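Here is the structure we will look at.
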Amino acid sequence: MPKLPKTFYRRSDVNQIAKDLLGKVLVTHKGGQITSGIIVETEAYKAPEDSASHAHNYRRTARTAVMFADGGVAYVYLIYGMYALFNVITNQKGQPHAVLIRALQPLDGLELMRRRRAVESGGKNGKLTQGPGVLSRALGITLADSGSDLMGSEIWIEDCGVGVTACEISESKRVGIRVPEPYRSVPWRYSIKTNPWVSHPKPER
DNA sequence: CACGGGATCGTCT
DNA sequence: GACGATCCCGTGT
């Protein structure tokens with residue numbers, strides 16, 4: 001299966017890219033082992049204007065520096081001290097757009113994914129890749145992967161020819177966002193309707 | 001099923 | 001020194 005080309009990531013419409021990523025396959029190759037899953041849920045983050053983005057107003061720190069790279073690299077950050085969330089950086093250099101991958105339908109390497117989950121979650125037993133924190137655990141993605149080139153040999157995204165049409169895409173508010181309107185409520189979360197692997201966030205506070 | 005709380009640490013003030 | 005783009009589990013109904 002072909003890796004998505006750089007041109008896919010370097011387009012300027014991050015919401016379109018977030019929708020286009022549905023149905024694509026996220027793959028990791030670590031320690032000689034492949035694990036992968038079909039992307040079923042994404043969210044778009046559009047700095048500088050998007051106040052929910054880490055790069056709001058071009059905010060640039062050691063952590064966010066990779067968001068300013070040319071599209072086609074990973075941005076991974078730690079949340080709540082325990083989860084490494086995986087994002088794809090899009091657009092051209094200096095335009096810090098990102099797509100958070102929120103859920104996968106497991107595809108290859110099920111055994112390894114289960115093993116990683118068992119180790120890292122203390123034997124806990126939720127779904128493998130339903131949610132941005134646990135999917136990283138299942139695929140072995142860590143903070144060390146931030147900045148990694150998606151054209152490289154450890155993490156990439158493939159087009160396996162599964163099409164997702166506009167009417168199969170559900171739009172909703174992003175999860176866990178507590179910034180002022182309008183960015184608190186923009187419908188920039190995209191998921192495949194009826195896919196059982198889409199996450200079920202808590203009601204917002 | 002709804003709700004509440006705890007885990008755990010890098011990042012920024 | 002506070003907090004977060006999460007997840008899991010215990011409790012009550």
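Any value given below was found using the heavy atoms of this structure, including those in side chains, with hydrogens, waters and symmetry copies removed. Since the structure is predicted, the reported quantities are computational estimates derived from the model, not experimental observations. Numbered from 1 within each chain, the chains take letters A, B, ... in sequence-line order.
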### Query
Out of curiosity, does A/V164 fall in the hydrophobic cluster containing A/W197 (side-chain heavy atoms, cut-off under 4.5 Å, transitive links)?
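Yes, it is one cluster - the side chains of A/W197 and A/V164 are joined through contacts under 4.5 Å.
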Just compare [options] and give me whichever is closest to any side-chain atom of [X].
X	options	result
A/L78	B/dT11, C/dT6, B/dC9	B/dC9
A/L143	C/dA5, B/dG10, C/dC7	B/dG10
A/M82	B/dT13, B/dA7, C/dA5	B/dA7
A/R59	C/dG4, B/dC12, C/dC7	B/dC12

So which protein nitrogen or oxygen atoms get under 3.5 Å of nucleotides 11-13 of chain C's nitrogens or oxygens?
none

### Message
Check this for me: does any side-chain nitrogen of one of A/D20 and A/R11 sit under 4.0 Å from a carboxylate oxygen of the other?
### Response
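Between A/R11 and A/D20 there is a salt bridge, with a charged N closer than 4.0 Å to a carboxylate O.
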### Query
In terms of side-chain heavy atoms, does A/S199 have a donor or acceptor partner in A/E41 at a distance below 3.5 Å?
yes
### Message
What I want to check is whether the side chains of A/Y190 and A/N15 have a donor and an acceptor closer together than 3.5 Å.
### Response
yes
Grab the [atom1]-[atom2] distance between [X] and [N] for me, whole Å please.
X	N	atom1	atom2	value
A/I89	C/dA5	CD1	C1'	13 Å
A/Y45	C/dG4	OH	P	13 Å
A/H200	B/dC3	NE2	P	17 Å
A/N87	C/dT6	CG	P	11 Å
A/R60	B/dT11	CZ	P	16 Å
A/Y190	C/dA5	OH	C1'	15 Å
A/H54	B/dT13	NE2	P	13 Å
A/I177	C/dA5	CD1	P	6 Å

For [X] and [N], is the shortest distance between a side-chain N/O and OP1 or OP2 below 4.0 Å?
X	N	value
A/R117	C/dC8	yes
A/R178	C/dC3	no
A/Y80	C/dT6	yes

Give a yes or no on whether the backbone of [Y] and the side-chain of [X] come within a donor-acceptor separation of less than 3.5 Å.
X	Y	result
A/S146	A/L143	no
A/N87	A/Y75	yes
A/R116	A/A138	yes

Using a heavy-atom cut-off of 4.0 Å across all strands, would you classify [X] as base, sugar-phosphate, or nothing?
X	result
A/R63	sugar-phosphate
A/G133	sugar-phosphate
A/L100	base
A/P201	nothing

### Message
Below 30° counts as parallel, above 60° as perpendicular, anything between as tilted: where do the rings of A/H54 and A/Y77 land?
### Response
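Rings of A/H54 and A/Y77: perpendicular, as their planes differ by over 60°.
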### Message
Quiz question: going by heavy-atom distance under 3.5 Å, is there a donor-acceptor pair between the base of C/dA5 and the side chain of A/Y77?
### Response
yes
### Task
Determine which nucleotide pairs with C/dA5, using a 3.5 Å limit on both distances of a Watson-Crick or G-U wobble pair.
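Here C/dA5 is not engaged in any pair, so there is no nucleotide opposite it.
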